[in-house]
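In what follows, every heavy atom counts, from backbone to side chain, and hydrogens, waters and symmetry copies are set aside. A note on names: the letters A, B, ... follow the listed sequences, proteins ahead of strands, and every chain is numbered from 1.
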Amino acid sequence: MPELPEVETIKNALKKVVLSQKIVDVVVNNPKVIKEPSVKEFVKDLEGATITDVLRKAKLLILELSNAKSLCIHLKLTGQLIYPGNPSLSRISFKLSNGNFLDFRDQRLLGELRLVKDWRSLKFIQELGPQPFEITFGEFKKMLENKKTPIKILLMDQTFISGIGNLYAAEILFRAGIHPKRAAYLLLDKEKEVLFKEMLATLKEAIAHKGSSVDQYVQLSGEPGEYAKYHKVYGRENLPCLVCKTPIKRISLGGRGTYFCPKCQK
DNA sequence: AATGGGACCTGCGCGC
DNA sequence: TGCGCGCAGGTCCCAT
């Protein structure tokens, strides 16, 4: 569930505490999450490196290091970064020069850590579509042309537009009043405009509220994000729509649970 | 080429 | 009570 707003929240918090810290030790409790290079090299190359910058690209978190390498962290479904951490609770912990640990925790072990020379050339990065804040309405409108895919699937397609996942796709479409199954190319210009506006507004508000803690996501401090209380549809199956009181429906679309209001979303 | 489903994982909640 | 099953969803990979 960490999507763009959650990863952005973690990035902002990380920048305040880890910049110019040196990684003095790496604790590997579960090597499974280290995808690249070998565990041995991963540890060896990280020890002694100083964190020079923290970046986010879509849902990927990037820690740039003084040794010209970057530590790329994908939280996937249940990954967490916690600071100050506790290595007895983590999959991987990084001991910093100030004596504190930065933990990577991950209940389901689907998260991925990579130490690479050039994160920009990672296949995953190369294939990402633009992030929502990087495009104009004109460009967005053009991107939707000829796309017969249901709009929700398109919003979640990282090669189309990057950073939006299942939760925010549902919330954005509710706010735009658009049914998740609508074919993208059949949306009216007016609807595309509202969709674009609500996409940016929803992500912006979610960042302002430090993300949505519905399952595993927490901020770097371990505190929950506050945006879940503003959710209109996600996780609200059978509960009354907050606008029209019609029960919120849940369908499966592209293999994902999809929540919407059958009356408000056409 | 675009789409669909399974795999990767674990823990939770449900029904019997 | 306890067990087994389905489900949660980001991304990759393979099949159609």
Side-chain angles (χ1 to χ4, degrees), chain A residues 1-11 28-36 56-62 72-82 89-92 103-114 116 119 121-129 131-132 143-173 180-186 203 206 211-218 224-225 227-228 231 233-239 248-260:
Chain A
M1 243 153 279
E3 302 178 27
L4 188 155
E6 287 73 30
V7 182
E8 177 72 10
T9 300
I10 293 171
K11 184 208 77 180
V28 179
N29 293 318
N30 195 320
K32 195 163 282 191
V33 297
I34 298 172
K35 303 295 178 185
E36 190 182 344
R56 177 192 60 74
K57 185 80 178 173
K59 304 174 192 173
L60 190 73
L61 199 57
I62 301 139
C72 301
I73 303 176
H74 201 306
L75 301 172
K76 291 286 183 83
L77 298 178
T78 58
Q80 302 173 324
L81 279 183
I82 304 287
L89 301 173
S90 74
R91 304 300 189 181
I92 308 286
D103 281 5
F104 174 74
R105 305 183 192 178
D106 188 5
Q107 180 185 87
R108 284 170 65 180
L109 286 172
L110 293 167
E112 303 188 341
L113 305 190
R114 292 192 156 76
V116 298
W119 62 268
S121 63
L122 283 170
K123 182 168 172 280
F124 170 76
I125 293 288
Q126 294 273 315
E127 291 175 355
L128 285 179
Q131 303 184 78
M143 286 164 64
L144 294 176
E145 281 170 15
N146 307 320
K147 294 286 183 186
K148 302 190 175 171
T149 317
I151 186 62
K152 174 166 181 269
I153 291 179
L154 213 47
L155 288 179
M156 292 175 60
D157 178 351
Q158 302 302 297
T159 67
F160 178 76
I161 195 163
S162 62
I164 298 169
N166 199 38
L167 189 159
Y168 290 105
E171 293 300 318
I172 290 165
L173 287 171
K181 276 190 170 172
R182 289 277 299 283
Y185 78 122
L186 292 179
L203 296 173
S212 300
S213 290
V214 290
D215 187 15
Q216 292 283 307
Y217 164 74
V218 288
Y227 193 65
H231 292 176
V233 287
Y234 187 82
R236 298 195 67 247
E237 185 181 14
N238 294 329
L239 293 173
I248 297 300
K249 253 181 115 167
R250 180 187 180 279
I251 59 171
S252 181
L253 185 54
R256 302 274 148 65
T258 297
Y259 300 89
F260 66 101

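Across the protein-nucleic acid pair, A/Ile251 atom CD1 and C/dC7 atom C1' stand 17 Å apart, rounded to whole Å. Distance A/Asp215 CG to C/dC7 C1': 11 Å, rounded to the nearest Å. Note: CZ (A/Arg114) to C1' (C/dG10) measures 13 Å, nearest angstrom. Atom CG of A/Asn146 is separated from atom P of B/dA1 by 16 Å (rounded to the nearest Å). Between the CZ atom of A/Phe160 and the C1' atom of B/dA2 there is a distance of 14 Å, given to the nearest Å. Rounded to an integer number of Å, the gap from CD of A/Gln158 to C1' of B/dT3 is 17 Å. Between A/Leu75 atom CG and C/dT11 atom P the separation is 10 Å, expressed in whole Å. Residue A/Arg105 contributes atom CZ, which lies 17 Å from atom C1' of B/dT10 at whole-angstrom precision.
In this view, A/Asp103 and A/Arg105 satisfy the salt bridge (Lys or Arg N to Asp or Glu O under 4.0 Å) rule, not counting sequence neighbours. Among residues two or more places apart in sequence or in another chain, the salt bridge (Lys or Arg N to Asp or Glu O under 4.0 Å) test is passed with A/Lys76 by A/Glu112. With sequence neighbours excluded, the residues satisfying side chain to side chain donor-acceptor pair (under 3.5 Å) with A/Glu36 are A/Arg114.
A/Asp106 and A/Gly111 make their closest contact through OD2-N, 2.7 Å (heavy atoms, listed as atom of the first residue, atom of the second, distance). The minimum heavy-atom distance linking A/Arg182 with A/Leu186 is given by the pair NH2-O, 3.7 Å. Closest of all the heavy-atom pairs between A/Ile73 and A/Leu60 is O-CD1, 3.5 Å.
The side chain of A/Tyr234 has C/dG9 as its nearest neighbour among C/dT11, C/dG9, B/dC9.
Ring-centre distance between A/Phe124 and A/His74: below the 6.0 Å cut-off.
Considering only side-chain N and O atoms, A/His74 lies nowhere under 4.0 angstrom from the phosphate OP1 or OP2 of C/dG10. Checking the phosphate oxygens (OP1, OP2) of B/dT10, no side-chain nitrogen or oxygen of A/Thr78 falls inside 4.0 Å. Regarding contacts with the backbone of B/dT3, every side-chain N or O of A/Lys148 stays at 4.0 angstrom or more from both OP1 and OP2. For A/Tyr168, no side-chain nitrogen or oxygen approaches OP1 or OP2 of C/dG9 to under 4.0 Å.
Backbone-only contact: A/Gly257 has heavy atoms under 4.0 Å from sugar-phosphate atoms and none from a base. Among the atoms of the strands shown, only primed sugar atoms or phosphate atoms (P, OP1, OP2) are found under 4.0 Å from some heavy atom of A/Leu109.
Considering CD of A/Gln216 and CD of A/Glu6, their distance stands at 13.0 Å, rounded to 0.5 Å. For the atom pair CD of A/Glu8 and NZ of A/Lys11, the computed distance is 3.5 Å after rounding to the nearest 0.5 Å.
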For nucleotides 11-13 of chain B, which of its nitrogen or oxygen atoms have a protein nitrogen or oxygen under 3.5 Å away, and what is each distance?
none

Contact list (N/O, under 3.5 angstrom) for nucleotides 12-15 of chain C vs protein:
none

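For the pair A/Lys148 and A/Tyr185, the cation sits on the ring face: its NZ or CZ lies under 6.0 Å from the ring centre, inside 45° of the axis.
Helical stems in DNA chain B, defined as runs of 3 or more consecutive Watson-Crick or G-U wobble pairs with donor-acceptor distances under 3.5 Å: B:2-8 with C:10-16, B:10-16 with C:2-8.
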Exercise for the section: Start with the C-alpha gap between A/Leu109 and A/Val33, add the side-chain angles, then the distance that decides, and say whether side chain to side chain contact (heavy atoms under 4.5 Å, CB included) holds. Expected result: CA-CA 6 Å; A/Leu109 286 172; A/Val33 297; 3.8 Å; yes

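No more than 12 heavy-atom neighbours from other residues, nucleotides or ligands sit within 6.0 angstrom of NZ on A/Lys181.
Using P as the reference atom, B/dA1 and C/dT11 are 23 Å apart when rounded to the nearest Å.
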